[in-house]
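Presented below is the structure to which this report refers.
Quick note on labels: first sequence line is chain A, next is B, and so on, each numbered from 1.
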There are 2 protein chains.
Amino acid sequence: MAITIKDVAKFANVAPSTVSRVIADNPRISEKTKKRVREAMEELGYHPNFIARSLASQSTEVIGLVMPGSADKTFQNPFFSNILRGLSESAHEKNYALQMTTGKTVDEIYENVVHMVQGGRVDGLVLLNSRADDKIMEYLRKRDFPFVVIGKPYMHEEEITHVDNDNFRASKEATEYLLELGHESIAFIGGDLSLVVTIDRLLGYEKALRIAGIELNNQYVIHEEFLREGGREAISELLKLSDHPTALVVADDLMALGVLNTLAELNISVPEDISIVSFNNVLFAEVANPQLTSVDINIFTLGYEAAKNLILKINNPNEPVKRIIIPHKLIIRESSAKKH
Amino acid sequence: MAITIKDVAKFANVAPSTVSRVIADNPRISEKTKKRVREAMEELGYHPNFIARSLASQSTEVIGLVMPGSADKTFQNPFFSNILRGLSESAHEKNYALQMTTGKTVDEIYENVVHMVQGGRVDGLVLLNSRADDKIMEYLRKRDFPFVVIGKPYMHEEEITHVDNDNFRASKEATEYLLELGHESIAFIGGDLSLVVTIDRLLGYEKALRIAGIELNNQYVIHEEFLREGGREAISELLKLSDHPTALVVADDLMALGVLNTLAELNISVPEDISIVSFNNVLFAEVANPQLTSVDINIFTLGYEAAKNLILKINNPNEPVKRIIIPHKLIIRESSAKKH
DNA sequence: TTGTACGCGTTATCAG
DNA sequence: CTGATAACGCGTACAA
C-alpha cells in the first residue's frame, strides 16, 4: 500500500487534517508547520490519492470527450487529431486529464455518457459535432451537467456554451469565390443532414447562389460521410447527371480527397474541368494533388477554446453561456480556377 | 446528490451490502432478491459511483496512454490517430476507459506519470515509442506497475511485455527491395537515434547493404524528427553531398512527404531520379504524389494488442511477459523504380 | 493555529 | 442467503 496522508502526519507529528491543509496550501497553517509537513511528504515520497480526493471533494479534474458516432470513422479524419491536440493542450494547462468515450452506435455512446456522468468519472464533457436529435445534450441539460459543444447546437443555441466557426458565412464566401471565377453550375457535397455543420454550410452555399440569381438544383446537393469513400460516392452521383457541375463546394478535405481520386481515375482534370473548394484545411489539403483550395477553420483553436471554457464553467457554475466564434480563412491553392 | 446504493437498499428493503452483491452478480444472492433489487435500481435510476467503487476496490478500470515527447508533435503524425483507434477499440471492448497524459518536456511527462500512478488514477499504462534513456519505464518496473510498451524496450526487453513490429527485418527487406531495383547509393533517414525504432530500422538497413557488399557511408544516414519538416531537412542535407544517393529508406511517411515536397521544389523527380521507400503506410502514403511505396506496419493492431494485453495483465498479475510481433508488409507504389 | 470526527459511496470481512 | 461493520484515503465542519 502506498504512502497516505496519515503516514505523513505521523512522520511530521501533526494530524492528518493538517497535512490535508498543507496540500491545499491553507493560509491558516503556519509556515513552520507547512515546511515541516512538506519535508515529510518529500521524505516519504508522498503523492495524494486522486480517487480518495475525488470522492471527498466530489470532483475528479478529468474532462471527457464524447465522439459523435462510430469512433472508428471519427478517428480516420485528421480533423479529429487536431481537435484532440487543442483539447489536450488546454486541459493540460489547467491540470485536467482528458478521457475519451467511444462507442459504435449512438445508443451505446449515450449509455456510456450516462455512466460517466452518473458514475462521477468526469467533471465535464466536450461534445463533438452536434446533430439534430441529440439525446445526450438533452440529458446533460436536464442534469445541469457542465458541457460545451464544438459546433453549433441544433436546439437551445442561446443556452449552451459552444465553440464554432461561422460556417454559414464561410460557406457563402467559398461559394462566392467560385462564382467570381465564373462558375454557375456549382454543386454542394456535405455530410449527413442531421449534422448542424452540414446544415450551416449548405445554407451558406444556397444563399450565395440565390444572391447571384442562380436557381437551386436539388440534384446538385449530395450528402455522404466525412470520409474519402463519401467523396467518391458523391462525385459519382454528380457525374451521372446529364449536365455536370463545373465547380464543387465540399464540406470536408477528406471527402474532397475522395472526389479528387475518383476524378483522376476518370481522367477529369481539376481545376480545368472541375474546380473544388473544400473545408478544414488539414494537412491533406496541402498534400493532395492538385493542392486543395480549402477554408481553414482553425481546428486546433476550436478544441483549445472548448476545453478552456469547459474548465471555466466547471469551476464557476455561474459562468455565463458563451458562443465563441473562431475565425476562418479561405486558402486558395490549385484546385480552383476560372471557368473555361 | 445522486442516487446511492443506500437509497436502493432502503427502497428494496435490503442492506446496502446486498445491493452491492447484486451489482457484482454474486451467486450467493437468491434470484428473488436480485430481481427485487434490480427493479429498485431501475425504478430509482441508480448508477454506481465509479469513484467510490475505485476507492474501495483499488482499481479504476481506466488505462492511460503516455506519449513520448511533445504531445504537440506526436499528434501531428497520423501514426498516432491509428494507434489511438486501436487502443480505444480494445479498451472499449473490455469496458475500460482511456485517459491521456501529455506534457511538453520529458521531465514534465515523467512527473505526470508519477502523479497518475501514485494517485491511483489508472490501473495500467501504455507507453508509446520507447527510447534509450527511459526513466518512466524504470520507475514503473520498480513499482511493479502494469504497463506495456508499443515498440521495443531499450533495456530489459525480456522482462517487459511489448507490442512491436520486426523493424529490423522490415527495414532489411525494404532496403533489399531497393537493391533489387539496382540501387547502390541508398541513404537512410530516420528519427532520433535514442528511439529504439530508429535503431532497429537503421540496423536492418545496414545489414542489407552489408550483405550486398556495399560499403556503409556515414553521410548517408540522417536523423530528424518524424515530421514533414524533418524530411525536408534530411533531404537537404543529403543533396549537399557531392554524390547524392539514388534511393532512400525513410523511417516515416510524414517525413517522406517532406522529402517529396522538397524534391518537387527542386525539380528532382521521384522515382526517376530518386526512389523512396518509407514506413507506416498511413493514408498519406497513398495520397502523396507520387504515391509512396511504404511498409505497412498495421498500426491499428499495434494499438489494439497493446491495450488488450495491458488489460490482461491488470487482471492477472501472473500473466507472463509477452513479446508480440505484428506482421508488416511492403506496399509497392509509385515512389520506387528501377535505377536508370 | 491545529486536532477530532464524520462523511463521500463502495467493497469486503465476518457473523448469523 | 443476508446484514452489520469496517475499511479505502481524503476534505472539512466543529472543537479546542
Identify, between B:Ile29 and A:Ile51, the residue whose nearest nucleotide on DNA chain D lies closer to the 5' end.
->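 Here B:Ile29 is the residue nearer the 5' end.
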Can you check the A:Asn26 CG to C:dG3 P distance for me, whole Å?
->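 A:Asn26 atom CG is separated from C:dG3 atom P by 13 Å.
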Look at all strands and tell whether [X] reaches a base, only sugar-phosphate, or nothing, counting heavy atoms closer than 4.0 Å.
X       : result
B:Pro16 : nothing
A:Val19 : nothing
A:Phe50 : nothing

Got a second to check how far B:Asn13's CG is from B:Thr33's OG1, nearest 0.5 Å?
->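 So the CG of B:Asn13 and the OG1 of B:Thr33 are separated by 11.5 Å.
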Compare the minimum distances between each of [options] and the side chain of [X], then state the nucleotide with the smallest one.
X       : options               : result
A:Ser30 : C:dT11, C:dT2, D:dG11 : C:dT2
A:Arg21 : C:dT10, C:dT2, D:dG3  : C:dT2
B:Ser17 : D:dT2, C:dC8, C:dA12  : C:dA12
B:Arg28 : C:dC14, C:dT10, D:dG9 : C:dC14
B:Leu55 : C:dG3, C:dG9, D:dG3   : C:dG9

Under 4.0 angstrom between [X] side-chain N/O and [N] OP1 or OP2:
X       : N      : answer
B:Thr33 : D:dT2  : yes
B:Ser57 : C:dT11 : no
B:Thr18 : D:dT2  : no
A:Ser20 : D:dG11 : yes
A:Gln58 : D:dC10 : no
B:Arg53 : C:dT11 : yes

For the pair [X] and [Y], find out whether any cationic side-chain nitrogen is under 4.0 Å from an anionic carboxylate oxygen.
X        : Y        : answer
A:Arg38  : A:Asp25  : yes
A:Glu159 : A:Arg141 : yes
B:Glu89  : B:Arg85  : no
A:Glu93  : A:Lys308 : no

